[in-house]
> 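Below is one structure. I have some questions about it.
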Amino acid sequence: MVLYHPEMFSKHLYLQAHIGTFMGATILEYENTRNMMIEKARQSKLNWMQRRPNVANNYWNNLKTDLKQLWHQLGPGEQVFAPIFAFNLLVFGLWRVPRFRQVMTTYFCSNPVGKVVCWPMFLSTFSHYSTVHIFANMYVLHSFSNAAVLSLGKEQFLAVYLSGGVIASLASIVYKAARSQAGLSIGASGAIMAILAYVCTQYPDTKLSILFLPTLVFSASSAIKVIMSIDLIGCVMGWKFFDHAAHLGGALFGLFYAYFGHEVWQKRLPFLTMYHNFRKTK
């Protein structure tokens with residue numbers, strides 16, 4: 001039985017986990033900055049919309065203004081969390097449509113013996129098997145997203161989150177292949193572990209507590225050490241309640257990025273220049 005494809009590690013995974021996510025984040029960063037500058041330039045000109053519009057235009061303009069105000073009231077972490085949460089909810093809903101079940105199993109589950117390998121490693125990070133599963137993951141992500149976005153910025157946060165999810169899937173597949181195990185893996189916990197490990201490393205003295213045990217307070221550095229220790233023991237002992245290999249892989253990537261992320265992010269500059277020259281020619 002073939003448990004994984006050797007070429008996947010040297011080509012597809014590297015491109016998808018690192019080049020793909022970081023190039024996408026770089027393009028998003030460029031476009032966001034460009035749109036912000038264009039919007040400021042428009043605001044400096046005479047607003048021709050002050051002329052009396054018809055009723056229909058007035059309604060839609062007011063709705064657009066209200067939505068913009070609501071969006072700007074959100075914190076930077078919430079502005080990144082909201083679309084991630086929305087996409088997770090969409091995928092959660094699609095799992096419950098019988099006609100989509102085969103497609104979801106093929107593309108939204110990471111499976112070492114699946115016919116499709118690369119895309120599921122990415123898309124599986126948006127799948128959840130129960131309401132409790134998605135609630136727990138989204139609660140933790142929301143709790144740490146603001147601190148991570150303030151440190152990384154929106155675009156770099158997305159690059160770390162998505163890369164962490166793919167690397168977590170890779171760790172899960174490697175672990176299953178080494179132990180000759182099969183089985184599906186879904187969930188955002190690997191990607192969230194990357195963010196959690198990053199934040200706990202950047203802010204080690206931050207005090208944390210558990211949702212239903214608010215009196216139990218501990219430092220962020222202690223929390224990540226305990227969590228990673230449990231996942232390491234789970235890998236050694238072969239526990240199957242959680243995907244401990246995925247958790248550990250995501251956390252290790254978060255630790256790596258906390259120490260070396262600045263150098264990784266700087267490597268986007270040549271691509272940023274190339275994309276800028278491409279945009280000027282359009």
Side-chain angles (χ1 to χ4, degrees), residues 16-39 60 63-97 100 103-104 107-110 119-169 186-199 250 253-254 257 261 265 268 275:
Q16 184 174 347
H18 296 285
I19 297 178
T21 54
F22 280 88
M23 286 176 63
T26 299
I27 294 173
L28 182 62
E29 178 189 36
Y30 180 92
E31 293 296 336
N32 285 343
T33 303
R34 181 175 180 273
N35 291 337
M36 181 179 65
M37 295 176 65
I38 292 175
E39 184 64 23
W60 289 112
L63 179 61
K64 183 178 179 181
T65 300
D66 291 340
L67 291 175
K68 281 186 175 180
Q69 291 178 349
L70 180 62
W71 178 256
H72 290 307
Q73 289 175 359
L74 299 175
E78 292 175 326
Q79 289 181 351
V80 177
F81 169 78
I84 294 176
F85 177 57
F87 189 66
N88 276 272
L89 280 181
L90 174 62
V91 174
F92 186 72
L94 290 176
W95 269 107
R96 275 132 190 88
V97 180
F100 296 146
V103 174
M104 301 301 291
Y107 290 98
F108 286 81
C109 287
S110 181
W119 274 111
M121 295 179 67
F122 171 73
L123 296 175
S124 64
T125 62
F126 299 97
S127 290
H128 295 86
Y129 62 83
S130 69
T131 303
V132 174
H133 190 202
I134 189 172
F135 170 79
N137 278 343
M138 293 301 100
Y139 175 82
V140 175
L141 178 60
H142 181 267
S143 299
F144 288 90
S145 60
N146 196 56
V149 170
L150 289 176
S151 176
L152 294 167
K154 297 177 182 178
E155 298 83 10
Q156 192 175 182
F157 172 92
L158 285 175
V160 174
Y161 178 82
L162 297 176
S163 290
V166 175
I167 290 173
S169 296
I186 61 174
S189 53
I192 295 170
M193 281 296 297
I195 299 300
L196 176 62
Y198 175 85
V199 172
F253 176 72
Y257 207 85
W265 187 240
R268 84 196 190 285
Y275 183 75

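Side-chain atoms are counted along with the backbone in the values below, which use heavy atoms only and exclude waters and symmetry mates. Residues take their numbers from the sequence shown, with the count starting at 1.
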> Compare every heavy atom of Asn88 with every heavy atom of Thr125, then report the nearest pair and how far apart it is.
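Taking every non-hydrogen atom into account, O-OD1, 3.9 Å.
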
> Got a donor-acceptor contact below 3.5 angstrom from the Ser169 side chain to the Gly165 backbone?
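Pair found, side chain donor or acceptor close to backbone of Gly165.
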
> Roughly how far apart are Phe85 CZ and Leu90 CG, rounded to 0.5 Å?
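Output value for this atom pair is 12.0 Å.
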
> Kindly indicate whether the side chain of Leu158, heavy atoms from C-beta on, has any atom under 4.5 Å from the side chain of Leu152.
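Of all side-chain heavy-atom pairs linking Leu152 with Leu158, none is under 4.5 Å.
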
> Which pairs would a plain distance check flag for residues 72-81, meaning a side-chain donor or acceptor within less than 3.5 Å of a matching protein atom at least two apart in sequence or in another chain?
{"residue": "Glu78", "atom": "OE1", "partner": "Gly75", "partner atom": "N", "Å": "3.0"}
{"residue": "Gln79", "atom": "OE1", "partner": "Lys154", "partner atom": "NZ", "Å": "2.3"}
{"residue": "Gln79", "atom": "NE2", "partner": "Trp71", "partner atom": "O", "Å": "3.0"}

> Begin from the C-alpha positions of Leu94 and Phe108 and carry the test side-chain contact (heavy atoms from CB on, under 4.5 Å) through to its verdict.
CA-CA 10 Å; Leu94 290 176; Phe108 286 81; 5.7 Å; no

> As an exercise, state the distance from CD1 of Ile192 to CD1 of Ile84, rounded to the nearest 0.5 Å.
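Ile192 CD1 to Ile84 CD1: 9.0 Å, rounded to 0.5 Å.
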
> Assess, by modelled atom type and distance only, whether the side chains of Tyr257 and Ser163 contain a donor and an acceptor separated by less than 3.5 Å.
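Note: Tyr257 and Ser163 side chains miss the donor-acceptor criterion.
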
> Nearest 0.5 Å, please: how far is CZ in Phe135 from CZ in Phe92?
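Separation between the atoms: 12.5 Å.
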
> Can you name the side chain to side chain contact (heavy atoms under 4.5 Å, CB included) partners of Val132, sequence neighbours left out?
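Side chain to side chain contact (heavy atoms under 4.5 Å, CB included) list for Val132, sorted by chain: Ser130.
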
> Dump the intermediate steps for side-chain contact (heavy atoms from CB on, under 4.5 Å) on Met104 and Val91, then the final yes or no.
CA-CA 9 Å; Met104 301 301 291; Val91 174; 3.7 Å; yes

> Could you grab the distance from atom CZ of Phe144 to atom CG of Leu196, nearest 0.5 Å is fine?
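These two atoms lie 4.5 Å from each other.
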
> Taking side chain as C-beta onward, heavy atoms only, is Tyr161 less than 4.5 Å from Thr21?
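A side-chain contact under 4.5 Å is absent here.
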
> If I compare all heavy atoms of Phe253 with all of Ala194, which pair ends up nearest, and what's the gap?
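So the minimum-distance heavy-atom pair works out to CD2-CB, 4.1 Å.
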
> Looking at residues at least two apart in the chain, or sitting in another chain, which of them share a side-chain hydrogen bond (donor to acceptor under 3.5 Å, both in side chains) with Ser124?
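By the side-chain hydrogen bond (donor to acceptor under 3.5 Å, both in side chains) rule, Ser124 matches no residue at all.
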
> Examine distances only and state if a side-chain atom of Arg268 and a backbone atom of Trp265 form a donor-acceptor pair shorter than 3.5 Å.
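Side chain of Arg268 to backbone of Trp265, a donor-acceptor pair under 3.5 Å: yes, one is there.
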
> By ring pair (Phe, Tyr, Trp, His ring centres under 6.0 Å), which residues pair with Tyr139, not counting sequence neighbours?
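Once residues adjacent in sequence are excluded, Tyr139 has no partner under the ring pair (Phe, Tyr, Trp, His ring centres under 6.0 Å) criterion.
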
> So how far is it from Leu141 CG to Met193 CE, rounded to the nearest 0.5 Å?
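If we round to the nearest 0.5 Å, Leu141:CG and Met193:CE are 13.0 Å apart.
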
> What closest approach, in Å, do His128 and Ala188 show between heavy atoms, and which atom pair accounts for it?
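Scanning both residues completely, I find the closest heavy atoms to be NE2-N, 3.5 Å.
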
> Report the residues that fulfil ring pair (Phe, Tyr, Trp, His ring centres under 6.0 Å) with Tyr129, sequence neighbours left out, ordered by chain and then residue number.
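With neighbours one apart ignored, the set is His133.
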
> According to side-chain hydrogen bond (donor to acceptor under 3.5 Å, both in side chains), who are the partners of Ser127, at least two apart in sequence or on a separate chain?
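Only Trp95 meet the side-chain hydrogen bond (donor to acceptor under 3.5 Å, both in side chains) criterion with Ser127.
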
> Under 30°, 30 to 60°, or over 60°: which ring-plane class applies to Phe126 and Phe122, parallel, tilted or perpendicular?
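Rings of Phe126 and Phe122: perpendicular, over 60°.
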
